[in-house]
2 protein chains.
Amino acid sequence: MRLGLDIGGTKTDAVAVDDDGTIVDRVRLATGFGPEAVIRTAIEGVTRISQITGVPVDGFESVGIGIPGQVDVVTGNVSHAVNLGFDELDVGRRLSVALGLDVKVENDVKAAALGAYHLMTAQPGLTARSIAYLNLGTGLAAGLVIDGALWRGARGTAGEIGHIPVDPNGVLCPCGQRGCLETVASGSAIARQWVTDDPIPARSLLAAADAGDAAALAIRSLLVDNVAAAVRVLVLTVDVEIVMIGGGLSAIGAWLLDEVRRVLTSWAVESPFLASLGLDSRVQLVPAGFPAAAVGAALVGAPLAGASRTDVGTPTGQGEKVATWQK
Amino acid sequence: MRLGLDIGGTKTDAVAVDDDGTIVDRVRLATGFGPEAVIRTAIEGVTRISQITGVPVDGFESVGIGIPGQVDVVTGNVSHAVNLGFDELDVGRRLSVALGLDVKVENDVKAAALGAYHLMTAQPGLTARSIAYLNLGTGLAAGLVIDGALWRGARGTAGEIGHIPVDPNGVLCPCGQRGCLETVASGSAIARQWVTDDPIPARSLLAAADAGDAAALAIRSLLVDNVAAAVRVLVLTVDVEIVMIGGGLSAIGAWLLDEVRRVLTSWAVESPFLASLGLDSRVQLVPAGFPAAAVGAALVGAPLAGASRTDVGTPTGQGEKVATWQK
């Protein structure tokens, strides 16, 4: 049995998965704010899963943490986790000492890519040795599983497609560029363009668009076109078999999937090249409620179906250099 | 000793490389046009290298062919090799029968990525477990070496970044989309925009731009900006350590490298995020005259430095489906 946590800005998902990666037990906690509270939340998550499953904490084959921010997977240090209330925290060492076992730490989007990959390969009849997990949350970023193993990149920044500019006349992105994908296809893009009291701005946006509001229609169209553009970038560049969409915008996920497929199909009508790639059949949604990042965190370092690379869960040869830039 | 051929539209490079991948002998032939002439050229290349090295044809550890078009690496079939004068040819089978040995066939850009990767890892002090080879020829496409092994993608189309649109108001691309990278950053882009009798239109373009021609300056600027954009797409998406530029535009390679680095540096001034990625120090030029695709073809299936994947040179689990679209 393996144990995984996904420490999010408000909620922490904790799961126990069996040797097949099937979720055996799960629990959801509120995430504390600030370094000490985050560590306490993580320890509580591990302890609760241990109690529910009856497996002692040191009886799990592995314990992994998915967490936002820039993660050094060798040291377990986490940087720039703004939503969790710290700039630097040695999460791996702190938890390893507190729990008396080795705790693996991984960026949450990359962990979710592993979890989504596992979900793909666990479905009967479905295999894919490469997927991209496209996270539509506050930002837009992807995690890549290539040839059956997580690909972090030479410096740990693979999948940062949210900062590929798509419109030279677009708005200034916090990253300093103009018209990045993230400025038009993300939760922050909606929040910036569609001011509302609704706790789920995307829902409010869709309702207004359905009611014929011209501004809402334009924002919605920009969103869908550019999620489709993100899928196109991932398939053209990496040629992953499947792009799985997840993240905070999954509140509108089913609608979004339909619309993105519609856009991809319309592009294929214009372009025989795109038609040959079958993009519309290669995009899927992470099922609502599936804790991809927690499952992926549990599986960091575990052998995955279809993996031919032997270094699953290890950093690249250059060491896990993390970019010093922070959104 | 391994033997590799790069069958180009006008010239065929043939090389013998030793166990370290060092070029021992090489020869250049004119490529015949049409299926029978191409096969004859390939046989002549193999025979000539055999004579020069004194190694019998069946004495090479491997014989590999890099060739333009869509390649099924399992069957050795090649489709849509317009510049070679055929639409379908069972290159692998034909050569295997004629030469009495197993001949591996690989797309030329992907073969060049292997050759460029070998060159990187063969340099003292330089290591990189991931590179992109960015081919600027008639078109624009990349080959990826990830984690020390060629990554062809789920369907053999990894690296087709030439068809990522960068300008919604751009010209119609033969692929059916608008404003693709290839329409502004490739040999065909220059030829379309800059009509000249010079057999090397890029050279004529640069001369006119240097002389202050406004149209030439605009075309040149678009070229450089979008080669830089291609580098950005490759690093943001795949996070390869190094992007190596090669291909037909290498006639202006040294100038182009300087200019692309200048653009990447100017972007870094505006964007702390891009600055943290150090793009300008991650782009290099394949040395003039280095037969990357021929060396890579020789190395298809050979163990490479830094490779941890075990399936070097084998297709993906889905089988090597090739896209049916043809530029």
Side-chain angles (χ1 to χ4, degrees), chain A residues 127-130 142 144 146-149 151-168 173-178 229 232-242 267 270-278 282 306 308-311 316-318 323-327, chain B residues 127-130 142 144 146-149 151-168 173-177 229 232-242 267 270-278 282 306 308-311 314 316-318 323-327:
Chain A
T127 56
R129 286 176 67 197
S130 60
L144 303 175
I146 293 181
D147 211 9
W151 173 248
R152 296 186 182 90
R155 305 189 184 188
T157 61
E160 284 288 355
I161 62 168
H163 297 290
I164 293 178
V166 288
D167 180 2
C173 178
C175 87
Q177 302 184 95
R178 224 167 241 295
R232 179 173 54 190
V233 163
L234 289 167
V235 174
L236 287 183
T237 308
V238 191
D239 188 19
V240 286
E241 183 61 27
I242 299 288
W267 289 351
E270 301 294 321
S271 167
F273 169 61
L274 288 187
S276 78
L277 299 178
R282 292 167 77 170
S308 60
R309 283 199 279 150
T310 53
D311 64 344
T316 64
Q318 299 278 326
T324 53
W325 174 81
Q326 163 54 16
K327 295 181 237 198
Chain B
T127 56
R129 285 176 68 198
S130 60
L144 303 175
I146 293 180
D147 212 9
W151 174 248
R152 297 188 181 90
R155 305 189 185 188
T157 61
E160 285 287 357
I161 62 168
H163 298 289
I164 294 177
V166 289
D167 181 1
C173 179
C175 87
Q177 300 184 97
R232 178 173 54 192
V233 163
L234 289 166
V235 174
L236 286 182
T237 308
V238 191
D239 188 19
V240 287
E241 183 61 27
I242 299 289
W267 288 351
E270 301 295 321
S271 168
F273 168 61
L274 288 187
S276 77
L277 300 178
R282 292 166 78 170
S308 60
R309 282 199 281 148
T310 53
D311 64 344
T314 65
T316 63
Q318 298 278 328
T324 53
W325 175 80
Q326 162 54 16
K327 297 183 236 196

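Order of the sequence lines sets the chain letters (A, B, ...), proteins ahead of strands, with each chain counted from 1.
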Contacting moiety of B:Val240, where chain A heavy atoms sit under 4.5 Å: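 Contact with chain A: backbone only.
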B:Ile164 side, atom CD1; A:Ile164 side, atom CD1 - distance, nearest 0.5 Å: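 If we round to the nearest 0.5 Å, B:Ile164:CD1 and A:Ile164:CD1 are 6.0 Å apart.
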Distance, nearest 0.5 Å, that separates CZ of A:Arg152 from OG of B:Ser130: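 That separation rounds to 13.5 Å.
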Exercise: identify the closest heavy-atom pair between B:Ala158 and A:Asp239: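 Residues B:Ala158 and A:Asp239, closest heavy atoms: N-CB, 3.4 Å.
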Nearest non-hydrogen partners of B:Cys175 and A:Pro272, listed with the distance: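 Shortest heavy-atom contact: O-CD, 3.4 Å.
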Test side-chain contact (heavy atoms from CB on, under 4.5 Å) applied to A:Thr237 and B:Leu236, B:Thr157, B:Val238, the passing residue: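 Exactly one candidate clears the test, B:Val238.
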CA sep, side-chain torsions, deciding dist, call: A:Glu270, B:Gln177, side chain to side chain contact (heavy atoms under 4.5 Å, CB included): CA-CA 7 Å; A:Glu270 301 294 321; B:Gln177 300 184 97; over 6 Å; no
Among B:Cys173, B:Ala142, B:Pro165, residue most engaged with chain A (heavy-atom pairs, under 4.5 Å):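 Highest number of heavy-atom pairs under 4.5 Å: B:Pro165.
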Contact origin within A:Arg282 toward chain B - heavy atom pairs under 4.5 Å: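 Interface part for A:Arg282: side chain.
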